[in-house]
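Take a look at the structure below.
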Amino acid sequence: MSTLSVDGQAISRRGSVSTHLSDAVDALARVLTRWSVPALRVALGLVFLGFGVLKLFPGASPAEVVAERTIDTLTLGLVHGPVAVIGTAVVECFIGITLVTGYLLRAGLVVMAGAFVGILAPTVLFFDELFGSGMTLLGQYVLKDVVLVAAATVVGAYALGARLRRAG
């Protein structure tokens, strides 16, 4: 049993289920308020780092061909082949490292914003191949990037000073 004071009068709080549940919810809210965005930042970083590392090994990434075609198309053929894939890998690894470590985070966020142009470009450039005859596996792979964009906006806002706060 605990007591709390309201207007100078002690009020007894018995250990009811609702009191314990309320305390547990408050504790969870404090933990989530403090750690959810940093956890999202690290998770997003690991995704970028993982995808980038795969592209460093020819044939290891399921997105290698679409990354190569996208960069080739966006650069009007100036960057193509293995250079496009390795360049994409380096950019993704840089983004991943900045997100995981928090070092050079703002630079990483700027690079990530630019990278999203290339990451989402296949939805426009190769729409028929990705979604024309129904959803393909590659289409699903590219479409999940919308979730990465949403996560990046939360991480970016937090890095620029936005903070979660508990209601009430």
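No experiment lies behind these values; they were computed from the predicted model shown. Start at 1 with the first residue, then count along the sequence.
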I need the single residue from D26, L32, V25 that forms a side-chain contact (heavy atoms from CB on, under 4.5 Å) with L28. Which is it? L32
Would you compute the distance between atom OG1 of T153 and atom CG of L148 and round it to the nearest 0.5 angstrom? 11.0 Å
Using 30° and 60° as the class limits, which term best fits the ring planes of Y141 and F51: parallel, tilted or perpendicular? tilted
Are side-chain heavy atoms of L74 and L125 found at a separation under 4.5 Å? yes
Under a 3.5 Å distance rule, please check whether T88 uses its side chain to pair with a backbone N or O of A67 as donor and acceptor. no
Linking I/L/V/M/F/W/Y whenever any side-chain heavy atoms sit under 4.5 Å apart, do F48 and L40 land together? yes
For a quick test of reading the model, state the closest non-hydrogen atom pair linking F116 to A152 and the distance between them. CE1-CB, 3.6 Å
For P62 and L138, the nearest pair of non-hydrogen atoms, with its separation, is O-CD1, 4.3 Å
Distance col, row L99:CG vs L104:CG, nearest 0.5 angstrom, shows 11.5 Å
According to a 4.5 Å side-chain heavy-atom criterion applied to Ile, Leu, Val, Met, Phe, Trp and Tyr, with indirect links allowed, do L143 and F127 form part of one hydrophobic cluster? yes
Hydrophobic clustering (ILVMFWY, side-chain heavy atoms < 4.5 Å, transitive) - are I119 and I71 grouped together? no
Does the side chain of T73 come within less than 4.5 Å of F126's, by heavy atoms? yes
Identify whether NZ of Lys or CZ of Arg in K55 sits under 6.0 Å from the centre of the six-membered ring of F57 and within 45° of that ring's axis. no
Looking at Y158, does the NZ or CZ of R41 lie under 6.0 angstrom from its six-membered ring centre and within 45 degrees of the ring axis? no
Which value, rounded to the nearest 0.5 Å, describes the distance between S61 atom OG and L56 atom CG? 10.0 Å
Quick one: closest heavy-atom pair of L105 and T98, and the distance? CD1-O, 3.7 Å
Any side-chain heavy atom of F94 within less than 4.5 Å of one from L49? no
Could you pull out the closest heavy-atom pair between G52 and A89, with the gap in Å? O-CB, 3.3 Å
E64 side-chain N/O to G59 backbone N/O, donor-acceptor pair under 3.5 Å: yes
Looking at every heavy atom in both L109 and G156, which two are closest together, and how far apart are they? CD1-CA, 3.8 Å
Rounded to the nearest 0.5 Å, the CE atom of M112 sits from the CG atom of L44 at a distance of 5.5 Å
Hey, any chance V53 and I86 share a hydrophobic cluster, counting ILVMFWY side chains that come within less than 4.5 Å of each other, even indirectly? yes
Nearest atoms (heavy-atom pairs only) where I95 meets G108: CG1-O, 4.0 Å
Side chain to side chain contact (heavy atoms under 4.5 Å, CB included) between E129 and V66, intermediate numbers included: CA-CA 11 Å; E129 293 174 46; V66 74; over 6 Å; no
Quick one: do V47 and I97 end up in the same hydrophobic cluster if we chain Ile, Leu, Val, Met, Phe, Trp and Tyr together by side-chain heavy atoms under 4.5 Å apart? no
